[in-house]
Protein chains: 2
Amino acid sequence: MIRVWIADDHTLFAQGLSRALEGIPDIRVVGIAASGAELLDSIVNQPAEVCITDLEMPGGGGGAVLAALDDTPVIVVTMHAEVPQREAAAAAGAAGFFSKSAPLSTIVAAIRAVAAGETLDVSDSETTQAILDRYAKAQLDPGAASLTDREREILSHLARGVSATDELAEILFISQKTVKNHLASIFQKLAVSDRTQAAVEAIRLGLAEEN
Amino acid sequence: MIRVWIADDHTLFAQGLSRALEGIPDIRVVGIAASGAELLDSIVNQPAEVCITDLEMPGGGGGAVLAALDDTPVIVVTMHAEVPQREAAAAAGAAGFFSKSAPLSTIVAAIRAVAAGETLDVSDSETTQAILDRYAKAQLDPGAASLTDREREILSHLARGVSATDELAEILFISQKTVKNHLASIFQKLAVSDRTQAAVEAIRLGLAEEN
DNA sequence: CGGTGAATGGGGCGCCCGGCCCACTGCGAA
DNA sequence: TTCGCAGTGGGCCGGGCGCCCCATTCACCG
């Protein structure tokens, strides 16, 4: 579980990014700040493995964050992704640099990469891309990662509110007994004890959107 | 259920806003576009009640959207929320105008307001705020709206994976029988038949974050 | 060719869940 | 003051859920 702090004066962006990251099973947003100073104040009580910050902010921008946080990797996400900003951020110690035009999946991969100790060289986009590819897929819990296709399919229905054994059997064209067998296997892998907890976990893992 | 289109070349912002709005029970994001032209192309096949767009975008900005969509209200959300932009957007027929520094709750209220036919006068912030206050709370399903405090409390625990009757009773300091009575009342109000469906619905209604 | 695991089924069993009655207390509104 | 409702609690009962055994088929892999 990678804990992340977000600092951005564009509240909508920060809240939206936070919500989006909440859908990533191995990432948790522990706080949102509207300025670099606010972030530095709060991160003491609420530590994190990675910080995401904008550069230009009223009341202390990302530069202060880069200067103050030596042991926590900082990813800079800004609108003005020109070469001067890239180089300035890199010189200040940024572990990554991305435009707000980048897709969510890129930021997610970058968070995992810098959390693992990687530094994304802003001047070498090829190497950066290669590193991001290696961190593209979520580091799922050992249990969730071993789910089979059929089990994931059942979980997606559970996450949408199809909970009765007979309904699941009808949808999947299998006997009720097989549904219960799959569920028993799911319970074990997710370390839960009933289908309600399995549904909650399935939603957290983002399985509701599949199929 | 208010259907919303989002057009913004800042992919991260658009995806984040989309995710954030998905947590609002009476709003559904039906599409994301990276430019105004892309939005106008796609909205034909996938209609919506409200559009949210940035102004400056490569490949057709929000101006084209404002000009083309007469019957669908358009909310402009941009970083440069200066007076000239506000007035230009209003003259072009924007139903609302907000900075990306605005909190999510403001945008949510604005979506509901313009979906109901209101026009948010960009030059009169007092009147605008009064209108937004009236649309601050979600238009919940008749069932969900009649939930009592205790029922909401139980749902919030369900949404976090506390599903067993004895655990719920222990947390709430009441007997297991009372827990089951509350659950029976919840099932009726939410039109569901078991606690798994209730948990899924509770998460959809955003009750997991409460308490 | 044998092994492993996924997917499909079966039987039995104990217990909890959900549905249906009911009662009492306390608070606020009519 | 009376009425309604939220919150608390009880009893009863049938059915479904979760858990434990088991078998068969098929694909893949060493």
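Throughout, protein chains are lettered first and strands after them, A, B, ... in sequence-line order, and every chain is numbered starting at 1.
Using modelled atom types, one side-chain atom of R195(B) and one backbone atom of S163(B) make a donor-acceptor pair closer than 3.5 Å. Proximity of a side-chain donor or acceptor of Q197(A) to a complementary backbone N or O of S193(A) within less than 3.5 Å is detected. In this structure a side-chain-to-backbone donor-acceptor pair under 3.5 Å is missing from E151(B) to L147(B). No donor-acceptor pair closer than 3.5 Å links the side chain of R19(A) to the backbone N or O of E22(B).
Here T178(B) lies in heavy-atom contact (under 4.0 Å) with a base. Across all strands, S185(B) comes closer than 4.0 Å to no nucleic acid atom at all (heavy-atom distances).
When rounded to the nearest whole Å, the span between NZ of K177(B) and P of dC17(C) equals 12 Å. As rounded to whole Å, 14 Å separates atom P of dT8(C) from atom CD of Q176(A). The separation between R195(B) atom CZ and dG18(D) atom C1' is 14 Å, rounded to whole Å. In this structure, I186(A) places its CD1 atom 14 Å from P of dC17(D), rounding to the nearest Å. Taking atom CG on L190(A) and atom P on dG18(D), their separation rounds to 13 Å, with Å as the unit. Q197(B) has its CD atom 10 Å from the P atom of dG18(C), to the nearest Å. Distance, K189(A) NZ to dG18(D) C1': 18 Å, rounded to whole Å. The distance from atom CG of D194(B) to atom P of dC16(C) is 18 Å, rounded to the nearest whole Å.
The side-chain contact (heavy atoms from CB on, under 4.5 Å) test with P73(A) is passed by exactly one of L120(A), T119(A), V114(A): V114(A).
For S175(A), taking side-chain heavy atoms from C-beta onward, the closest of the listed nucleotides dG10(C), dC17(D), dT8(D) is dG10(C). Side-chain proximity of R150(A) to dC17(C), dG18(C), dA7(C): nearest is dA7(C). Nearest to the side chain of H182(A), among dA6(C), dT8(D), dT8(C), sits dT8(C).
Between D166(A) and N181(A), the residue anchored closer to the 5' end of DNA chain D is D166(A), taking for each the nucleotide with the nearest heavy atom. Sequence order on DNA chain D of the closest nucleotides to K180(B) and T148(B) puts T148(B) first from the 5' end.
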